[in-house]
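Residue numbers count from 1 along this sequence. Side-chain atoms are counted along with the backbone in the values below, which use heavy atoms only and exclude waters and symmetry mates.
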Amino acid sequence: MSLNDSIAAAVAKKDQLFYQDFARFAIRAILAGAYLAIGTGFGVVAGDAVAQYAPALGPVVFALFFGLGLFCIILLGAELATGDMMYFFYGATQRKVSWLKSAGVIVAATLLNLVGVLIVALILGYSAKLSGAGPDHLLVSLTEGKLEKSPGQLLAEGILANFVVNMGVLGSTFAKDVVGKFVVIVPIIAMFVGLGLEHVIANFCLMLTTLFAADPLPDSLTLGAVLTNWGIVWVGNVIGGGLLIGAVYSTLNKGESAYRD
């Protein structure tokens, strides 16, 4: 199946589910947030354990394990907003779906992902592994680092983060089996995490888990700082995943069939 056919089928399925059976779409989107939060939690625990002996390697280990959450999302058919940005920009550029409908799906998926993250973060905050995380815990240091960035950094890193994420999402459409998808997704996702880039749903995971787990709460974790981070990063993610991957690859695949993916 060509890339055009694969994306068109996925967009049609997502669009139909959203507008004809919203409850099921909502559950899939909530699950996506939950899966990513679980992957984030596991990555933080593993990274912090390594950081006790080799501090510089903690974030690297976190990056290597973080992609398991996205792999689960793709494998289990959940709805991640940052992936939908790519799909719906691709579909809208090829006039398979309207821009207004695309915007509605992306915004709704973002909010529903947040619900899934909130549920898991609350549980992780009371878990034996993360409850009472101190100022030197990897979870707290990662969150503080994100909240200390300037608006310009957040926008630029948000663009690049979802550009890389959707390299993985797009690449996984070419994989023939589960092993192939794993090999494509996990290393690519590790690149954006290892670079410390900004992904809005990942930031939901880190900041909400810090809110429920950290003792004491970091001074930088204020409502204003968190909402600013999420808002700017979301815009950057739309540009990086939607415009620079979705719309660009849609345009690349409009020409003669010999040049299409």
Check: For I7 and L170, what are the C-alpha separation, side-chain angles and deciding distance, and is it a side chain to side chain contact (heavy atoms under 4.5 Å, CB included)?
Finding: CA-CA 9 Å; I7 298 293; L170 195 63; 4.3 Å; yes
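- Distance alone, capped at 3.5 Å, places no donor-acceptor pair between the K96 side chain and the A8 backbone.
- Of all heavy-atom pairs spanning C205 and T209, the tightest one is O-OG1, 2.7 Å.
- Considering only heavy atoms from C-beta on, L118 stays 4.5 Å or farther from F204 through its side chain.
- Looking at T143 and L221, their side chains come closer than 4.5 Å, going by heavy atoms from C-beta outward.
- Between the side chain of N253 and the backbone N or O of Y249, at least one donor-acceptor pair lies under 3.5 Å.
- No cation-pi contact links K101 to F18, judged by a cut-off of 6.0 Å to the six-membered ring centre and 45° from its axis.
- Taking 4.5 Å as the limit, every side-chain heavy atom of L75 sits out of range of all side-chain heavy atoms of I185.
- Contact check for P59 versus L138: side-chain heavy atoms found under the 4.5 Å cut-off.
- The two residues A109 and D84 have their closest heavy-atom pair at CB-OD2, 3.8 Å.
- The structure places CD of E79 at 10.5 Å from CG of L31, a figure rounded to the nearest 0.5 Å.
- A donor-acceptor pair is defined here as one N or O able to donate and one able to accept, closer than 3.5 Å; no such pair exists between the side chain of H137 and the backbone of V140.
- Although no hydrogens or angles enter the test, the distance criterion places no donor-acceptor pair under 3.5 Å between the side chain of N203 and the main chain of W230.
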Next item on the list: Begin with the C-alpha distance, continue with both residues' side-chain angles, and end with the deciding distance and a verdict on side chain to side chain contact (heavy atoms under 4.5 Å, CB included) for F174 and V184.
Entry: CA-CA 9 Å; F174 296 106; V184 170; over 6 Å; no
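- Annotation: side chain of T173 is in contact with side chain of Y87 (closest heavy-atom distance under 4.5 Å).
- Remark: side-chain polar atoms of Q94 are not paired, donor with acceptor, to backbone N or O of Y90 under 3.5 angstrom.
- Of all the heavy atoms in A81 and T110, the pair that sits closest is CB-OG1, 3.3 Å.
- Taking 4.5 Å as the limit, some side-chain heavy atom of T93 sits within range of a side-chain heavy atom of K254.
- In the hydrophobic clustering of this structure, L64 does not group with L142; members are Ile, Leu, Val, Met, Phe, Trp, Tyr whose side-chain heavy atoms approach within less than 4.5 Å, directly or through other members.
- Checking each of L160, L154, N237, N162 against E198 for a side chain to side chain contact (heavy atoms under 4.5 Å, CB included) leaves exactly one that passes, namely L154.
- Nearest approach of F25 to K14, heavy atoms of both residues: CD1-O, 4.3 Å.
- Within a 6.0 Å sphere centred on CG of D219, heavy atoms belonging to other residues, nucleotides or ligands number 12 at most.
- When the side chains of ILVMFWY residues are joined at heavy-atom separations under 4.5 Å, either directly or via intervening members, L195 and I188 end up in a single hydrophobic cluster.
- Annotation: ring pair (Phe, Tyr, Trp, His ring centres under 6.0 Å) contacts of F42 (sequence neighbours excluded): F65.
- A side chain to side chain contact (heavy atoms under 4.5 Å, CB included) with W234 holds for exactly one of I239, I201, I106; it is I106.
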Checklist line | Pair L114-L208, side chain to side chain contact (heavy atoms under 4.5 Å, CB included): steps then yes or no | finding: CA-CA 9 Å; L114 178 59; L208 288 176; 3.7 Å; yes
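- Contact record, L36 with A202: CD2-N, 3.9 Å, taken as the closest heavy-atom pair.
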Next item on the list: For side chain to side chain contact (heavy atoms under 4.5 Å, CB included), just list the numbers for V44 and L206, CA-CA rounded to whole Å, side-chain angles, deciding distance to a tenth of an Å, and then say yes or no.
Entry: CA-CA 9 Å; V44 163; L206 285 170; 4.0 Å; yes
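- Relative ring orientation between F71 and F182 is described as perpendicular, the plane-to-plane angle rising above 60° on a 0-90° scale split at 30° and 60°.
- Checked by atom type and distance alone, the side chain of D215 never pairs as donor or acceptor with a backbone atom of P135 at under 3.5 Å.
- The local environment of OH in Y126 is sparse, with at most 12 non-hydrogen atoms from other residues, nucleotides or ligands closer than 6.0 Å.
- Summarising the geometry, atom OG belonging to S127 is positioned 10.5 Å from atom CG belonging to L122; distances are rounded to the nearest 0.5 Å.
- Hydrophobic cluster membership differs between I189 and V60, with clusters built from Ile, Leu, Val, Met, Phe, Trp and Tyr side chains linked at under 4.5 angstrom.
- One finds the CG atom of L112 at 10.5 Å from the CD1 atom of I27 (value rounded to the nearest 0.5 Å).
- Considering CZ of R24 and CG of L17, their distance stands at 7.0 Å, rounded to 0.5 Å.
- L70 and V183 fall into different hydrophobic clusters, where Ile, Leu, Val, Met, Phe, Trp and Tyr are joined by side-chain heavy atoms under 4.5 Å apart, directly or via other members.
- With sequence neighbours excluded, the residues satisfying side-chain contact (heavy atoms from CB on, under 4.5 Å) with L223 are L227.
- Linking ILVMFWY side-chain heavy atoms closer than 4.5 Å, directly or via other members, places Y35 and I119 in a single hydrophobic cluster.
- Minimum interatomic distance between N113 and A32 (heavy atoms only, all atoms of both residues): ND2-CB, 3.7 Å.
- Here CZ of F89 is found 11.5 Å from OG of S250. Values are rounded to the nearest 0.5 Å.
- With rounding to the nearest 0.5 angstrom, the CG atom of L197 is 5.5 Å from the CD atom of E157.
- For F163, the ring pair (Phe, Tyr, Trp, His ring centres under 6.0 Å) test picks out no residue, with sequence neighbours left out.
- Counting heavy atoms from C-beta outward, V105 and S102 have side chains that stay 4.5 Å or more apart.
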